[in-house]
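Here's the structure, in structure tokens; my notes come after.
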Amino acid sequence: MKKYYLGIDLGSTTSKAVIINEIDEIVGRGITNTRANYKVAADIAREEAIYDARFNLLERKIGEDAEKPEFKKYMKDLRSVFQYLQFKKRMDSLEKMLRQTVNEFAYDNKEQILTILNEIIETIRPQIRKGFVEEDLGSKNQFFRDIVSERYNIEVEERDVEFYEPLMLAFDKSITPVENEMVTYNFKELVMESMNILEEKYKGLADQQEDGSDEDWYYAELNAVKNNYKNVEYTLREHIQDIASEEIHIAKMTGTGYGRALLPFPEDCIKSEILCHAFGAHAVFPNTRTVLDIGGQDTKAIQVDKHGLVTSFHMNDRCAAGCGRYLGYIADEFGLSLNELGPEANKATKETTICSTCTVFAGAEVKELLHNGEERPNILAGLHKAIVQRAMSLIARSGGVREEFTFTGGVARNEAVLKYVKQMVTDSYGEVTMNIHTDSIFMGALGGAMFARRNISADLPTAKEKANQEN
């Protein structure tokens with residue numbers, strides 16, 4: 001039986017899971033919002049990693065054909081539709097919960113509220129389907145709450161102001177219990193249903209003409225899939241049963257992250273997130289010597305040796321200023337999603353100076369700046385710059401940037417933060433290799449999985465002890 005190893009990074013904002021095989025290859029990744037129920041968050045992240053592992057194993061079964069344009073495009077679409085069907089099941093639960101919540105209200109106009117709620121639901125349901133099936137929404141945003149709330153809020157704001165409060169209250173009361181439901185899916189059934197949806201999609205597509213534009217590659221892929229999807233589908237069906245029935249045997253697991261103490265794992269299966277982020281970053285980039293992790297609740301500047309072991313670190317453990325939670329608070333103040341913050345900040349013509357380092361006081365300062373007519377992009381640029389300045393202070397105290405620099409954590413996905421990190425590291429330390437990977441948010445979970453495979457003790461030797469051992 002093949003053995004796999006699981007690392008779970010239970011962060012304050014997101015929970016990540018990574019599954020590796022016996023040669024440290026990543027075979028599955030999973031991510032979800034962290035909920036009040038940490039066990040549910042860990043279980044959902046783990047399930048998502050297992051689904052992802054099955055897709056990756058399916059692609060490996062296909063072999064060289066998986067690199068053909070028609071297969072790559074089809075597999076991308078298949079994953080997106082699979083994700084849509086997962087969302088649809090949770091959306092059905094949310095619709096039921098929303099109606100139930102409104103029915104519990106003691107409002108005189110309850111029937112009107114229910115009517116408007118039904119209109120909103122009927123409007124956003126096809127929007128979400130189209131987003132996943134036709135527009136690859138899943139690769140842009142992976143979280144149920146964000147995807148639904150963005151559309152729900154738009155629809156609520158278009159209604160009469162008297163309905164705003166009850167409709168928003170209904171959503172706030174309904175979304176958390178729905179997120180906390182542990183929903184399981186039959187992989188084979190969901191894949192087959194996804195294939196049926198794709199068959200309808202490809203049959204309905206007209207052949208796209210190549211016209212010498214920059215989008216020719218897209219039309220070529222689209223036509224390749226449309227004209228060959230039956231062959232692709234047939235090849236996949238040959239292997240789906242084997243993949244669906246294959247046991248993903250987790251031989252050992254390791255938990256890390258802000259909420260690691262709440263994971264239902266044995267004590268020897270819990271590791272420091274500093275150790276895990278360092279080990280994961282070093283595994284992907286072996287020449288890494290400095291790691292910056294900006295997570296939801298704290299920021300860590302870490303120095304590592306040639307083995308990926310920590311030699312020193314500094315972190316801000318006083319409050320969440322300058323972290324993911326801080327950005328979430330600011331996004332709420334502006335009525336934006338987290339995904340919109342970076343692009344909006346990059347529209348700035350200047351960076352407004354933000355004096356407050358406290359999340360609450362910064363929020364008050366933002367409101368005052370807006371009241372005085374300052375443009376939103378300029379304020380956001382100033383906030384993003386301030387975040388990176390705090391991080392650079394931690395890096396300096398930990399020992400500066402040595403050799404290769406690797407940026408990890410969820411905030412590494414924010415393009416404005418990335419811009420300022422690159423700018424400030426270069427200004428302070430010159431031209432150094434900076435590693436920012438698509439898996440940056442998974443580095444802690446990857447490090448955890450690697451610790452699990454090696455069965456390494458949490459009591460790692462210090463740099464001095466290691467030097468003595470080597471001598």
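Treat the numbers as computed from the prediction; the structure is a model and nothing was measured.
- R413 places no side-chain N or O within donor-acceptor distance of the main-chain N or O of I441, the cut-off being under 3.5 Å.
- Between R376 and E344 a salt bridge is recorded (basic side-chain N to carboxylate O distance below 4.0 Å).
- A salt bridge does not link E150 with R145: every distance from a Lys NZ or Arg NE/NH1/NH2 to an Asp or Glu carboxylate oxygen is 4.0 Å or more.
- For the pair R151 and D146, the salt-bridge criterion is not met [side-chain N within less than 4.0 Å of a carboxylate O].
- Across all non-hydrogen atoms, the minimal contact from T290 to V401 is OG1-CA, 3.5 Å.
- With respect to K61, the side-chain contact (heavy atoms from CB on, under 4.5 Å) criterion is satisfied by exactly one of I240, N56, I243: I243.
- A salt bridge is defined here as a Lys NZ or Arg NE, NH1 or NH2 lying under 4.0 Å from an Asp or Glu carboxylate O, and D9 with R260 fails to meet this definition.
- One finds no salt bridge joining R46 and D43 here, because no Lys/Arg side-chain nitrogen approaches an Asp/Glu carboxylate oxygen to under 4.0 Å.
- Listed for the H277 side chain is no donor-acceptor partner under 3.5 Å among the backbone atoms of D293.
- Scanning all heavy atoms of the two residues, the minimum distance from M195 to Y74 falls at CG-OH, 3.4 Å.
- Note on E273 versus K300: salt bridge recorded, some NZ/NE/NH1/NH2 to OD/OE distance being below 4.0 Å.
- Comment: E122 engages R125 in a salt bridge, judged by a side-chain N to carboxylate O separation of less than 4.0 angstrom.
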